[in-house]
Amino acid sequence: METYTAMREDRQMLMIMHLSQLLDFITGIGGFIVPLILWATQKDKIQDMDEQGKDIMNFQISLFIYSIISIPLMLLFGLGIFLLILVGIVGLVFPIINAIKASNGEPAFYPFTIKIIK
């Protein structure tokens, strides 16, 4: 016998998941681990958690890739520092914007994201 559990709407948890990315600025990697744990444990229980969790994971992976790319660019051309500053600004601003959107029930959007997890 199959049991069906309805997904609940929890905008506050979605907002917390978006804001938890800011842990990167405190711990270095917490902004990846905490949203990953929230997404993995709640994706089947909370409405929109799976979609927004994938967006967050893709965004975090993309920021990491762009940060790695900036290192040789710093050594070769000095332009990598500008890319690293841009990554930092985008990594700070868009989780806050998308947390506000999640609390209002709007879909999240992360720019410059490579769609790795589909």
Side-chain angles (χ1 to χ4, degrees):
M1 186 167 144
E2 188 175 323
T3 59
Y4 176 75
T5 57
M7 288 192 177
R8 71 181 196 278
E9 183 177 5
D10 191 347
R11 292 182 185 175
Q12 186 174 8
M13 182 60 82
L14 292 173
M15 183 179 71
I16 289 169
M17 187 171 65
H18 286 284
L19 290 176
S20 68
Q21 295 176 82
L22 299 177
L23 287 171
D24 273 346
F25 294 99
I26 298 169
T27 64
I29 193 160
F32 180 80
I33 293 174
V34 173
L36 177 63
I37 291 169
L38 290 174
W39 171 53
T41 59
Q42 301 297 313
K43 67 182 178 183
D44 297 327
K45 300 174 185 171
I46 298 175
Q47 183 179 345
D48 297 328
M49 179 67 85
D50 190 39
E51 178 186 336
Q52 291 190 28
K54 288 176 186 176
D55 289 344
I56 289 172
M57 289 298 102
N58 285 328
F59 180 65
Q60 285 293 313
I61 293 167
S62 298
L63 288 181
F64 179 73
I65 291 170
Y66 297 140
S67 297
I68 296 298
I69 291 172
S70 70
I71 294 170
L73 291 177
M74 267 190 269
L75 298 173
L76 294 175
F77 308 112
L79 297 175
I81 192 73
F82 296 113
L83 179 60
L84 202 55
I85 291 170
L86 181 65
V87 165
I89 292 170
V90 168
L92 177 67
V93 171
F94 279 94
I96 295 170
I97 290 171
N98 286 317
I100 294 168
K101 284 183 172 186
S103 71
N104 293 331
E106 301 172 24
F109 170 72
Y110 287 101
F112 315 113
T113 302
I114 304 166
K115 296 287 184 191
I116 296 170
I117 302 170
K118 296 181 184 195

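In what follows, residues are counted from 1 in the order of the sequence shown. Bear in mind the structure is a predicted one, so any value in this text is a computation, not a measurement.
- Using a 4.0 Å cut-off between charged nitrogen and carboxylate oxygen, D55 and K115 count as a salt-bridge pair.
- No hydrogens or angles considered: nothing links the side chains of Y110 and Q52 as a donor-acceptor pair under 3.5 Å.
- Heavy-atom minimum distance, L36 versus M57: N-CE, 3.5 Å.
- Sorted by first then second residue, the salt bridge (Lys or Arg N to Asp or Glu O under 4.0 Å) pairs that include residues 10-20, not counting sequence neighbours, are R8-D10, E9-R11.
- Distance CG/N58 to CG/L63: 11.0 Å, rounded to 0.5 Å.
- Residue I56 holds its CD1 atom at 11.0 Å from CD of E51, rounded to the nearest 0.5 Å.
- Between Q60 and D24 there is a side-chain heavy-atom pair separated by less than 4.5 Å.
- By the neighbour-count criterion of 12 heavy atoms within 6.0 Å, atom CD of Q12 is sparsely surrounded, having that number or fewer from other residues, nucleotides or ligands.
- Here the shortest heavy-atom pairing between W39 and D50 reads NE1-OD1, 3.0 Å.
- One hydrophobic cluster, built from ILVMFWY side chains closer than 4.5 Å, cannot hold both M15 and M49; they sit in different ones.
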Determine, stepwise, if the pair F32 / I61 fulfils side chain to side chain contact (heavy atoms under 4.5 Å, CB included).
CA-CA 8 Å; F32 180 80; I61 293 167; 4.0 Å; yes
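- Remark: the backbone N or O of K118 is paired with a side-chain donor or acceptor of K54 at under 3.5 angstrom.
- D48 contributes atom CG, which lies 15.0 Å from atom NZ of K43 (distance to the nearest 0.5 angstrom).
- Residues L38 and L19 are members of separate hydrophobic clusters, defined by side-chain heavy-atom contacts under 4.5 angstrom among Ile, Leu, Val, Met, Phe, Trp and Tyr.
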Next item on the list: Assess whether side chain to side chain contact (heavy atoms under 4.5 Å, CB included) is satisfied between F64 and V87, documenting all intermediate values.
Entry: CA-CA 9 Å; F64 179 73; V87 165; over 6 Å; no
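- Rounding to the nearest 0.5 Å gives a distance of 14.0 Å between CZ of F59 and CD1 of I117.
- Both I65 and L84 are part of a single hydrophobic cluster, where members link through side-chain heavy atoms under 4.5 Å apart.
- Across all their heavy atoms, L14 and A102 have their closest contact at CB-CB, 3.9 Å.
- The cluster map of Ile, Leu, Val, Met, Phe, Trp and Tyr, joined by side-chain heavy atoms under 4.5 Å apart, puts F112 and F94 in the same cluster.
- The two residues G88 and F25 have their closest heavy-atom pair at O-CZ, 3.5 Å.
- Of all heavy-atom pairs between L83 and S70, the closest is CD2-CB, 3.7 Å.
- Note on M74 and V90: same hydrophobic cluster, where clusters join Ile, Leu, Val, Met, Phe, Trp and Tyr whose side-chain heavy atoms are under 4.5 Å apart, directly or indirectly.
- Across T27 and G31, no two heavy atoms sit closer than the pair OG1-N, 4.4 Å.
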